[in-house]
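Owing to the predicted nature of the structure, the values given are computational and were not obtained by experimental measurement. All ligand and atom numbering here is 1-based and tracks the order in the structure.
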Amino acid sequence: MSLTEQPAAPGPEPDGDAAAEQLRDRISADSLTTRRDYLRIVATVSGGLAVGGVGVAAGILHRHGDSEKLPEAKKVTDELAPGQSVAFRFPGDEDRAVAVRLTDGSLVGYSAVCTHLACAVLWREDRGADGELYCPCHEGVFDARTGEVTAGPPPRPLPRIFLTEEADGSVWAVGTARSGEPAKDALCRQFGDSRPEMSLRLGCPGADRAAATERRRT
Ligand code: FES
């Protein structure tokens, strides 16, 4: 028998205390994301479906990217390791969002509100090379790298949240896009006349005029 075929030597059976200790260790070893996702599934299944459906039907839910102004930047987390996610609220306190560090180090952020009937969207790391964003209500699936719909009934991609990373590793949310809106269009719309220098750097339409007006004013 080769080394790799050898069965592991059986260890002593754990007594009650040792077994409880092992169980605690296993729970601690689970990622924060896994435990958080479990809680969100419970919340979604127990109430999110009905509430979300009513909210969307009545048109009362705020949608990410609705703001015409750049929201105030918000710290999401002190650090985010590859393969991990963190739930947060942005731009408002009611706006559920999720930030994910893909295994190649890319940082992506999305609204965590499903574009079908507004259930909570979960991060599943163990699906494909990049993982996926998954809605348990009707099996909706979104591409983790783009937010595009890859399966199920959601009619639109997840709205994007723009994230930045500081030198100390902290992750910040700095802006939003509407569902399917290109990043440049979203930023130009929100920079508007209030940040003419940024609009100019991005090459936003009309930025030359706004910058010239600003120069005359100062
Ligand atoms: Fe139906 Fe998300 S609410 S798939």
Side-chain angles (χ1 to χ4, degrees), residues 30-67 71 74 76-77 80 82-104 106-163 171 173-183 185-186 189-190:
D30 284 348
S31 73
L32 279 175
T33 302
T34 304
R35 276 177 281 159
R36 194 178 295 120
D37 285 354
Y38 169 75
L39 292 173
R40 271 187 281 164
I41 287 173
V42 171
T44 297
V45 171
S46 63
L49 184 60
V51 173
V54 170
V56 167
I60 57 173
L61 287 181
H62 172 81
R63 291 182 191 280
H64 281 85
D66 275 353
S67 169
K74 182 175 182 179
V76 173
T77 179
L80 196 58
Q84 285 201 331
S85 75
V86 62
F88 62 105
R89 306 277 172 143
F90 185 81
D93 291 343
E94 302 299 318
D95 301 319
R96 287 171 283 156
V98 60
V100 179
R101 172 87 72 186
L102 302 179
T103 48
D104 70 356
S106 310
L107 206 50
V108 291
Y110 300 102
S111 159
V113 180
C114 182
T115 57
H116 181 218
L117 290 175
C119 285
V121 170
L122 313 173
W123 162 243
R124 299 206 295 195
E125 184 195 355
D126 58 348
R127 304 296 164 119
D130 286 332
E132 69 182 18
L133 291 148
Y134 169 70
C135 178
C137 286
H138 312 100
E139 306 283 317
V141 181
F142 301 87
D143 185 298
R145 198 169 282 277
T146 65
E148 295 288 336
V149 181
T150 58
R156 294 181 306 281
L158 289 173
R160 200 125 198 177
I161 310 270
F162 300 121
L163 303 173
V171 175
V174 295
T176 62
R178 293 174 177 144
S179 176
E181 186 179 32
D185 292 0
R189 176 171 53 77
Q190 290 168 92

Lys/Arg-Asp/Glu bridge criterion (N-O < 4.0 Å) met for R145, D104:
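Counted as a salt bridge, because a side-chain N and a carboxylate O are separated by less than 4.0 Å.
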
Show me which atoms of ligand 1 lie under 4.0 Å from any heavy atom of [X].
X    : value
L117 : 3 (S)
H116 : 1 (Fe), 2 (Fe), 3 (S), 4 (S)
C135 : 2 (Fe), 3 (S), 4 (S)

Side chain of D185, backbone of P182: donor and acceptor closer than 3.5 Å?
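It does not hold such a pair.
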
Should E132 and R124 be marked as a side chain to side chain contact (heavy atoms under 4.5 Å, CB included) after you check the CA-CA gap, both sets of side-chain angles, and the distance that decides it?
CA-CA 5 Å; E132 69 182 18; R124 299 206 295 195; 2.6 Å; yes

Verdict with supporting geometry, T77 and F88, side chain to side chain contact (heavy atoms under 4.5 Å, CB included):
CA-CA 9 Å; T77 179; F88 62 105; over 6 Å; no

Heavy atom to atom 2 (Fe) of ligand 1, shortest distance: which of P155, C114, P153 holds it?
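Of the listed residues, C114 has the closest heavy atom.
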
Is C119 close enough to atom 1 (Fe) of ligand 1 that one of its N, O or S atoms comes in under 2.8 Å?
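Given the 2.8 Å cut-off, C119 does not count as a ligand of atom 1 (Fe) of ligand 1.
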
Among the N, O or S atoms that H138 has, which is closest to atom 1 (Fe) of ligand 1?
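Of all N, O or S atoms in H138, atom 1 (Fe) of ligand 1 lies closest to ND1.
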
Grab the two heavy atoms, one from F162 and one from A177, that are nearest each other, plus how far apart they are.
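Scanning both residues completely, I find the closest heavy atoms to be CZ-CB, 3.9 Å.
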
